[in-house]
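Here's the structure, in structure tokens; my notes come after.
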Protein chains: 2
Amino acid sequence: MAGARKPAALEEPGLEQVGLGALEHSAGLMLRIAQLTAFERFFALFGESEIKISEFTVLMAVAENPGIRQGVLADVLKIKWSNMTKLVRTLEERGLVARHVPRHDRRSVVLSPTDEGRRQIEKSGEKMYRLDREALSMLTDAEHDQLIALTRKIAGWPPISER
Amino acid sequence: MAGARKPAALEEPGLEQVGLGALEHSAGLMLRIAQLTAFERFFALFGESEIKISEFTVLMAVAENPGIRQGVLADVLKIKWSNMTKLVRTLEERGLVARHVPRHDRRSVVLSPTDEGRRQIEKSGEKMYRLDREALSMLTDAEHDQLIALTRKIAGWPPISER
DNA sequence: TATTGTTATACTCTATAACTATA
DNA sequence: TATAGTTATAGAGTATAACAATA
């Protein structure tokens, strides 16, 4: 393997000398670069795993909202419905999530965690949060909170204080 | 088309009632959701275009750093070398960027904008920055600056004040 | 008619590894 | 031996549209 062996900005010394000019004030671009950096670090720490982060995230969200409609969950997590179908099916096949068609609206599908799903969360949840924080360890706690507040606002979610 | 017709959090009223619990304190997840939201809004505003955002970003970066090595640029923008090759070639074929092999290290390729490339920047640059800002119009100017500062730090770039 | 979810598929993006040329 | 870039391809992620069932 050649090419792209280095974690870029982490090691390479002269990298910060590359200016992007006005481009550095593009919050969209910076948001993307930051997200890629954070995920790169997270995956490096997380390593191989039997459950994907996207799947685990859905599992956690279901556990937080037992009985949530599948489509609503997809919208919140910005996952397309068509892709959510496959993702949820995977979780169902592994016995982590149960699907249920409610009587009052039989078009819909509501989700809830199984006991095994809850066990999986107990098992992997702590690790995930720890590594998530570690991937962003360059931020102080205050900056971390700032980031949460800003990203919530961008996503159109209410401030934490108001909930 | 069915499924996912709504821009999620933008229209749907009851969406903010879905809590994600501890998951909402995952800066990694929030960073991703925010980035997706911002890009969704940006693309909705930007519409169809003859040049892709990724291509335009590279063009801008080259114009800011004439003579930059292709691999360095790839690292900065978090694009894999193999993918950068194709991207730069596209820009070259359109006559926007010129590739040059320097005498002192003939393994490398350095990039510079053509006159046509500079024209393209002049033509699309203003629009891009305006829409980029508009996609994040839910933030105040102060919050926007905060976001730039935080994302720079995450990316491992020096604070703007120090440059 | 509109909505919820599914299916199939196309498309784009990203990742991986082998390769050439140069240092 | 190491580095810069290329090529081909695999793989993941995402998007699109037609569809069935229900409201």
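Residue numbers begin at 1 in each chain, while the letters A, B, ... track the order of the sequences.
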How close or far is atom [atom2] of [N] from atom [atom1] of [X], stated in whole angstroms?
X      : N      : atom1 : atom2 : result
A:W81  : D:dA18 : CH2   : C1'   : 16 Å
A:E40  : C:dT16 : CD    : P     : 11 Å
B:I53  : C:dT12 : CD1   : P     : 15 Å
B:N83  : D:dA8  : CG    : P     : 14 Å
B:E92  : D:dG5  : CD    : P     : 14 Å
B:Q70  : C:dA21 : CD    : C1'   : 15 Å
A:E48  : C:dA15 : CD    : C1'   : 13 Å
A:H104 : C:dT3  : NE2   : C1'   : 13 Å

For [X] against [Y], the heavy-atom pair lying closest together:
X      : Y      : answer
B:I154 : A:A34  : CG2-O, 3.6 Å
B:E116 : B:G95  : CB-O, 3.5 Å
A:L111 : A:V109 : CD2-CG1, 4.1 Å

Just N and O in the side chain of [X]: are any of them under 4.0 Å from OP1 or OP2 of [N]?
X      : N      : value
A:R99  : C:dT4  : no
A:K80  : D:dA15 : yes
A:K52  : D:dG13 : yes
B:R107 : C:dT20 : no
B:S108 : D:dA4  : no
A:R89  : C:dT7  : yes
B:R69  : D:dA4  : yes

Sugar-phosphate only, base, or nothing, as touched by B:S54 at under 4.0 Å among non-hydrogen atoms: nothing

Salt bridge B:E50-B:R94, side-chain N to carboxylate O under 4.0 Å: no

Candidates C:dG5, D:dA23, D:dT14 - which lies nearest the side chain of A:D105: D:dA23

Intermediate values then yes/no, salt bridge (Lys or Arg N to Asp or Glu O under 4.0 Å), B:E40 and A:K78: CA-CA 10 Å; B:E40 200 173 74; A:K78 297 232 159 269; 3.2 Å; yes

Upstream residue (5' side of DNA chain D) when B:K86 and A:R103 are each assigned their closest nucleotide: B:K86

Check: C:dT14 base within 3.5 Å donor-acceptor of B:S82 side chain: no

5' precedence on DNA chain C between A:R32 and A:M84 (nearest-nucleotide basis): A:M84

